[in-house]
Amino acid sequence: MVEHSASIFDRRLLVVTGKGGVGKSTVAASLALLAARRGKRVLLVEVDAKGNLADAFEHRQVGYTPVEVHPGVLVMTLDTEKSLREYMHINLKIPIFGHLSPLARALEFVATAAPGVKEILTIGKVLWDVREIVEGRSEFDLVIMDAAASGHVVAQLGAADSIRALVDVGPVRAQTEWMVELLSDPAITAVNVVTTPEEMPVAETVDVIARLRAETAVPLGCVIVNRVLPELFTTHDELAFESLNQPSGRESLVEHVGSGSIAVLDAARLAVALRRSRAEHLGELRADVDLPCLYLPYLFTRSFGLRVTRLLADALDEEIA
Amino acid sequence: MVADFASLQSLLATKEIIICCGSGGVGKTSIAASIALGATKHVGGRVLVITVDPARRLASALGLGELGNVPRRIDIGAVDSDDPGCHGELWAVMLDTKQSWDDLVMRHAPDEATAFRILDNRLYHSLTARFVQSHDYIAMERLYELHESGHYDLIVVDTPPTRNALDFLDAPKRMAEFFRGRLLRWLTLPYRVGGRRGTRLIEAASRPFYQVADRLLGSRFLHEIAEFFLNFQTMYDGFVERSVSVERLVADHRTSFVVVSTLENSPLREAELFTAELRKRGVHVGAMILNKTLPGYLLDADGATVAKQLLEDSDGLASLVAPGDDRTARVMRTIAQSYQNFAIVAAREAELRAGLSRESHLTIGVPARAADISDLDGLGWISVHLFDNGSVA
């Protein structure tokens, strides 16, 4: 844990994945914010093309060209067509055409038909930026990749290997060598899985970690548990709460404080029950996963945006320190 | 505008297919299963739920083990319904993408040899087993097949997790376009047309494509792709015909979509986009289900007053309610603080919900449940809220 904590931001590529709906992008954004606070210049890459990662910084949508959305944090949204164009220009010395439409259609076909092509373009672009850092040619210190959701991330991270198995010759195969090298170097890369303490996200986390280990060589970093509800009572105090919750206690509260007491007691009961069922899933997670876990609190905030990103970065800071 | 259906019950009574969609993590699977369970009680008939990726415990509660690709009847016990004549059967099937694809190939291939050539191809494996879009297509295909069988009065579909819910809707069309596509012709042309004429044709039509593809992937791989699709193309007629039928079924008046969301920013934004898109395409949207919502008492003005009082005078109130117990004041502050915290979230949810009121369809809230939805009791609990709690927004 100590070793991991000391080095998380010394890596060059932090991949962030997780089941849909767990707050993967928000966590990726807060990791980027924290890294920037610690003096890193961060390229935060959105690969799922929803185009709303910049929301976490209350910045307008960002495209393929990186934009500094916050001091030290540059966001870009990956675009397969543009990645291909750049890839061809850089690696195959094919000139960039002004008009890409027939090629775009060819690409769409190949991406649909040939397994791994779309994925290799995605991970290839990200790794190209990582290599620039490693070789000291980049303005960045760290790339954080808001990767595909856990159902798809194994294909994404394993794309270089898939391509190697299918394509025998040509530049694409040659390109996969250095990609696999960077991706499997624990000093450079770490894959982090975001989850919430709920049944399906925990099950999917356990599953994706096992699959990443079995099917890829990517080093795993940590599990980030998002939206952890606070423990309301100590065991000692919970007994007092239970007696307030008895019919006599409820009546007494209504009599002395007001009819709204019932709502307050019911809300507390719900909070305790939610916390308890989530604690069970946390137990399952700890039993089934041997990676370090970082815990982020459930935020009772009025809105989302930069404030939430900051609060989560604070919480991450404490967890990592 | 008024919703065309006042309750889920009336919607289910007039439709044959309900497709549940929404972004990941909103509880689509539980909602789909609960709608099906509720339908057996409130509408009756033989109801089938097609699930894609249920939680393990829920799957086993539904009796969906390894052999999931065949529908099974689920024992729902004695159905207590107000109408003694109104009780149905619940059936469930779990979608096995690989198996369904294999079945499809066996059915559409012109002969067994071609079928096996396709099934053995490496690309076929990668395409069917690993890529998300293949789930979309196969879910639609299975839906069509099960509907055609005529065994079921109502089919409720839990859609696969996609980046974009529309992928699911577009899957049959895209599959047909794919087969018709010029690119596929270019790719397979050298292998279909022999002789000089054929060669010239290729040069004219597809040289730029070949140059790029060849430089990127190498000719052996290209050849392999072409061979695969050449075999696959023998199923062209079957696929195109099928996808046209599937598309027609989705747009049919017997089919309705139920959009599932939580009251959180991004799932809700996606749900609204999806609803608008469905409408634009003339597809029927029957209801919006707002899942895992916080209870209304969190917005209670009296509750807020009590919480405030408890925070301001916990010591005084504790000595009145539980004299002599030194823990009570602390507990009072804790529950008051917790109430205020959850009230913030409830207010946020209410605001998001109010923003939806322009929508004209049936909107139903299902409250958050502390326990997991892992058995028929859990599904029953949801279905009570689905069927009793409907309100026209």
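Since this is a predicted model, take the numbers as computed values, not measurements.
Of residues 293-302 of chain B, those residues lying under 4.5 Å from chain A by any heavy-atom pair are L294(B), P295(B), Y297(B), L298(B), D300(B), D302(B). Contact annotation for residues 309-316 of chain B against chain A (heavy-atom separation below 4.5 Å, listed by residue number): Q309(B), L310(B).
The two residues I335(B) and A268(A) make their nearest non-hydrogen contact at CG2-CB, 3.5 Å. What you find for D325(B) and A240(A) is that their closest heavy atoms are OD2-CB, 4.1 Å. Between S252(A) and V321(B), the shortest heavy-atom contact is OG-CG1, 3.4 Å.
The CD atom of E198(A) sits 8.5 Å away from the CG atom of D372(B) when rounded to the nearest 0.5 Å. To the nearest 0.5 Å, atoms NE2 (H256(A)) and CG (L320(B)) are separated by 5.5 Å. For the atom pair CZ (R269(A)) and OG (S338(B)), the distance works out to 13.5 Å, reported to the nearest 0.5 Å. In this structure, the separation between CZ on R330(B) and CZ on F233(A) is 10.5 Å, given to the nearest 0.5 Å.
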Worked check of side-chain contact (heavy atoms from CB on, under 4.5 Å) between D237(A) and T334(B):
CA-CA 10 Å; D237(A) 283 5; T334(B) 304; 5.8 Å; no
CA sep, side-chain torsions, deciding dist, call: D266(A), Y339(B), side-chain contact (heavy atoms from CB on, under 4.5 Å): CA-CA 9 Å; D266(A) 285 349; Y339(B) 184 86; over 6 Å; no
Derivation of the side-chain contact (heavy atoms from CB on, under 4.5 Å) call for M332(B) and L253(A): CA-CA 10 Å; M332(B) 283 176 161; L253(A) 261 180; 3.6 Å; yes
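Side-chain contact between Y298(A) and N341(B) is absent, with no heavy atoms from C-beta onward closer than 4.5 Å. Under the 4.5 Å side-chain criterion, counting only non-hydrogen atoms from C-beta, T328(B) is not in contact with F241(A). For the pair T301(A) and R348(B), the minimum side-chain heavy-atom distance is below 4.5 Å. Looking only at side-chain heavy atoms (C-beta outward), R302(A) and V345(B) stay at 4.5 Å or farther from each other. Taking the side chain as every heavy atom from C-beta outward, R327(B) and L239(A) approach each other to under 4.5 Å.
For N265(B), the side chain to side chain donor-acceptor pair (under 3.5 Å) criterion is met by no residue, not counting sequence neighbours. Applying the side-chain contact (heavy atoms from CB on, under 4.5 Å) criterion to S319(B), with sequence neighbours excluded, gives no partner residue.
Contact check on R269(B) versus D55(A) returns a salt bridge, with a Lys/Arg side-chain nitrogen under 4.0 Å from an Asp/Glu carboxylate oxygen.
Of the listed residues G20(A), S277(A), A263(A), A271(A), the one with more heavy-atom pairs under 4.5 angstrom with chain B than any other is A263(A). Contact count versus chain B (heavy atoms, under 4.5 Å) is highest, among A267(A), G21(A), A273(A), S243(A), for A267(A).
When heavy atoms are compared at a cutoff of 4.5 Å, E264(B) approaches chain A solely by way of its side chain, counted from C-beta outward. Residue I262(A) does not touch chain B at all, counting heavy-atom pairs closer than 4.5 Å.
Counting heavy atoms of neighbouring residues, nucleotides and ligands inside a 6.0 Å radius, atom CD of E351(B) does not exceed 12 of them.
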